[in-house]
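Before any comments, here is the structure.
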Amino acid sequence: MTDKTRPFSSQVVDGMERAPSRAMLYAVGFKNEDFKKPQIGIASTWSMVTPCNMHINELADNAARGADASGGKAVIFNTITISDGISMGTEGMKYSLVSREVIADSIETVMGCQGFDGLVAIGGCDKNMPGCMLAIARMNRPAIFVYGGTILPGCHNDKKLDVVSVFEAVGARANNKIDDAELAAIESKAIPGPGSCGGMYTANTMASAIEAMGMSLPGSSAQVAISQDKRLDCERAGAAVVELLKKGIKPRDIMTKQAFENAITMVIALGGSTNAVLHMLAMANATGVELSLDDFTRIGARVPMLADLKPSGRYQMAELIEIGGILPLMKTLLDAGLLHGDCLTVTGKTLAENLADVQPYPNGQDMIRPLDNPIKKDSHLAILYGNLATEGAVAKITGKEGLVFTGKAKVFDAEELALKAILDGNIGKGDIIVIRYEGPKGGPGMREMLSPTSAIMGLGLGKDVALITDGRFSGGTHGFVVGHISPEAIRGGTLAIVQNGDEITIDAENKQLTLHVDEQEIARRFETWQCPAPRYTRGVLAKFARLVSSAARGAVTDNNLD
């Protein structure tokens, strides 16, 4: 290999004056010959904090072996993870979106400081994926993202379970549809082992989007966490990064505007999480690609929702893996002209070349609908504007709950207050729950609202109650929900002056979110409105609140556009 494969590590270890650096590296296992090899950082999000990441230390070892066998010198390092599922509905959830930035910053810090020439980043839980990708985009050194893989379903009374089953069981228990013993049985069986949450929730959504973007090896997003396929995926990723170094292919060569359009197309076809909107805006910002909320509307007008996957559908990711994963769907979309086939990928080949030999799904499967019989003829992600969201909002509406909802506001200034009202039976048909001061700056941290939305479902009110917020939603959320309302309440968005009893319309057909209060009354209310004092004045949450941009711009902290 020539020094073109060692543009950064050579600065750290070459020459007489770098002897102290080499001395320290001998102590961590380097041999003399390793100093002439490209150094490949293996960013591991291993942690016993959550089942999503508890196996990733082993996957990091696999990736290191692949890099070493191909002529590189792998160095494994760690970054953090947190668990959305465990912290959901608590004050701790405010750290979730913040962790995306911490992960990105920490990987960038290690890569920059240590002079690694390439990177394999392995993520499991929701924020790992975009966090890794933000660092990859910023550093622009040859890199591959590896998904840690999905969990297998739990089972109770011959019914498959996942974590959302437990959240919805809480609502069912509150409504006396099940007893304490049944709730205990569900919670003890829902999570059988390692891997990310099993439906088309945020982790599986983002993994699929990143693969469609070309930044993971084919098949990486649709593999069970504990499987030989996933171990081989990691080894191949380690080897592939060394090849990317030889070929001089960098992330920004791959992460083009067309690649982002491919990722959006896959999110829509799969019925993926609203969080994909937030994270892809952030990733595009880090890459220097111009991407906006309106791109989701433009692409969503021509791409149908095809996957019958949880949370709104019937199947889990492990079941989709059994029939071929997402590659046959990608081939279908490519053949229909809905994907850009000439986009470069981490294989060094184009997307079309990667998909050339992919076989269709088996006959008789009903998880992925044909293009001429979609679940929804256009996107389930609706970007709404109006006097409640002048910068935009993101709705997740599959059509099962209808397309238009008009109701009376019940206003809460925190998620916990809304959840208590739901479980106490104080929410009824026709209500629109308004949860504010939960945005990126106001929360701070833009908590996910899986607890209240799941409680609504568990109570059987999914078609009768809507929820809007300047916070966001878990990928496990379904129902008539609108999040990411921008400007958020604490920035003086109209959400701040909504009152109990105000009429609100959510119109997914015309892409409107409307408060039926005239402009003069809105102005009068703002005359007496006072911006709440910051909840946090020290520490990482305070820092995030000071730096973070609008959700409409990805809630980024490294390029504040406000």
Inset, instruction - Mark yes when over 12 heavy atoms from residues, nucleotides or ligands other than D357 sit less than 6.0 Å from its CG; otherwise mark no. - result: no
Inset, instruction - For residues I427 and I456, determine if any side-chain heavy atom of one lies less than 4.5 Å from a side-chain heavy atom of the other. - result: no
Inset, instruction - Keeping the roles fixed (side chain from K230, backbone from S220), state whether a donor-acceptor pair exists under 3.5 Å. - result: yes
Legend entry - Distance, nearest 0.5 Å, that separates CG of N62 from SG of C234: 5.5 Å
Legend entry - Euclidean distance, K177 NZ relative to E168 CD, rounded to 0.5 Å: 10.5 Å
Legend entry - Validation row: L333, M330 side chains within 4.5 angstrom (heavy atoms): no
Inset, instruction - Verify side chain to side chain contact (heavy atoms under 4.5 Å, CB included) between M266 and M213, making sure each step is shown before the conclusion. - result: CA-CA 9 Å; M266 282 304 298; M213 186 181 290; over 6 Å; no
Legend entry - Reported CG-to-NZ distance for the pair L320 and K310, which is rounded to 0.5 angstrom: 14.0 Å
Inset, instruction - Keeping the roles fixed (side chain from Y361, backbone from G325), state whether a donor-acceptor pair exists under 3.5 Å. - result: yes
Legend entry - side chain to side chain donor-acceptor pair (under 3.5 Å) assessment of S47 paired with N53: CA-CA 6 Å; S47 173; N53 295 64; over 6 Å; no
Legend entry - V465 and L459, any side-chain heavy atoms less than 4.5 Å apart: no
Inset, instruction - Quick one: pull up CD1 in I506 and CD1 in I432 and give me the separation to the nearest 0.5 Å. - result: 4.5 Å
Inset, instruction - Give, for atom CZ of F260 and atom OG1 of T287, the distance between the pair rounded to the nearest 0.5 Å. - result: 4.0 Å
Legend entry - D84 side chain reached by M93 side chain, heavy atoms, under 4.5 Å: yes
Legend entry - Closest contact, heavy atoms only, V241 versus V120: CG2-CG2, 3.6 Å
Inset, instruction - Answer yes or no: is there an ion pair linking D378 with K376, defined by an N-O contact shorter than 4.0 Å? - result: yes
Inset, instruction - Test S44 against I122 for side chain to side chain contact (heavy atoms under 4.5 Å, CB included), laying out the working first. - result: CA-CA 5 Å; S44 168; I122 309 171; 5.7 Å; no
Legend entry - Minimum heavy-atom distance A174-L423, with the two atoms named: CB-CD2, 3.6 Å
Inset, instruction - Provide the full list of ring-ring contact (aromatic ring centres under 6.0 Å, His included) pairs with a residue in residues 155-202, sequence neighbours left out, each pair given once. - result: none
Legend entry - Any donor-acceptor N/O pair, N204 side chain to C197 backbone, under 3.5 Å: yes
Inset, instruction - Decide yes or no for S312 and M305: does some side-chain heavy atom of the first lie under 4.5 Å from some side-chain heavy atom of the second? - result: yes
Legend entry - Atom pair CG (D158) and NZ (K160), whose distance is rounded to the nearest 0.5 Å: 11.0 Å
Legend entry - Closest approach of M129 to A207 (non-hydrogen atoms, all atoms of both residues): CG-N, 4.2 Å
Legend entry - Lys/Arg N to Asp/Glu carboxylate O, R65 vs D61, below 4.0 Å: no
Legend entry - Heavy-atom check, side chain of P304 versus side chain of L371, under 4.5 Å: yes
Legend entry - Whether D431 side chain and G428 backbone form a donor-acceptor pair below 3.5 Å: yes
Legend entry - Close side-chain approach of L134 to V556, heavy-atom, < 4.5 Å: no
Inset, instruction - Using modelled atom types only, decide if a donor and an acceptor are shared between the side chain of E416 and the backbone of T90 within a distance under 3.5 Å. - result: no
Inset, instruction - Among residues two or more places apart or on two chains, list those pairs meeting side-chain hydrogen bond (donor to acceptor under 3.5 Å, both in side chains) that have a residue in residues 449-470. - result: T453-T477
Legend entry - SB check D308 R369 (cutoff 4.0 Å): no
Legend entry - Non-hydrogen atoms of I435 and P452 that approach each other most closely: CD1-CG, 4.3 Å
Inset, instruction - Using distance alone, with no hydrogens and no angle criterion, decide if D162 and S165 have a side-chain donor and acceptor under 3.5 Å apart. - result: yes
Validation: residues 267-283 side-chain donor-acceptor distances under 3.5 Å, sequence neighbours left out:
from	atom 1	to	atom 2	distance (Å)
S273	OG	T202	OG1	2.9
S273	OG	N275	N	3.0
N275	OD1	R472	NH1	3.0
N275	ND2	T202	OG1	2.9
N275	ND2	E448	OE2	3.2
N275	ND2	F473	O	2.8
H279	ND1	R100	NH1	3.1

Legend entry - W46 side chain to M54 backbone, donor-acceptor under 3.5 Å: yes
Legend entry - Flag side-chain contact, heavy atom, 4.5 Å: K127 against T81: no
Legend entry - Expected output: side-chain H55 to main-chain G148 donor-acceptor under 3.5 Å: yes
Inset, instruction - Mind listing the closest non-hydrogen atom pair of M317 and T150 along with its distance? - result: CB-OG1, 3.7 Å
Inset, instruction - Take E353 and T345, measure what side chain to side chain contact (heavy atoms under 4.5 Å, CB included) needs, and give me the verdict at the end. - result: CA-CA 10 Å; E353 289 172 327; T345 74; over 6 Å; no
Inset, instruction - Check the side chains of Y147 and N128 for a donor-acceptor pair under 3.5 angstrom, ignoring hydrogens and angles. - result: no
Legend entry - Heavy-atom donor-acceptor pair, Q316 side chain to L161 backbone, under 3.5 Å: yes
Legend entry - Closest non-hydrogen atom pair between A555 and E101, with its separation: O-OE2, 4.3 Å
Legend entry - Side chain S216, main chain F145, donor-acceptor under 3.5 Å: yes
Legend entry - Whether K410 side chain and N426 backbone form a donor-acceptor pair below 3.5 Å: yes
Legend entry - Short N-O contact, E415 and K94, less than 4.0 angstrom: no
Inset, instruction - Could you walk me through whether I375 and T398 pass the side chain to side chain contact (heavy atoms under 4.5 Å, CB included) test, one step at a time? - result: CA-CA 8 Å; I375 292 172; T398 65; 5.5 Å; no
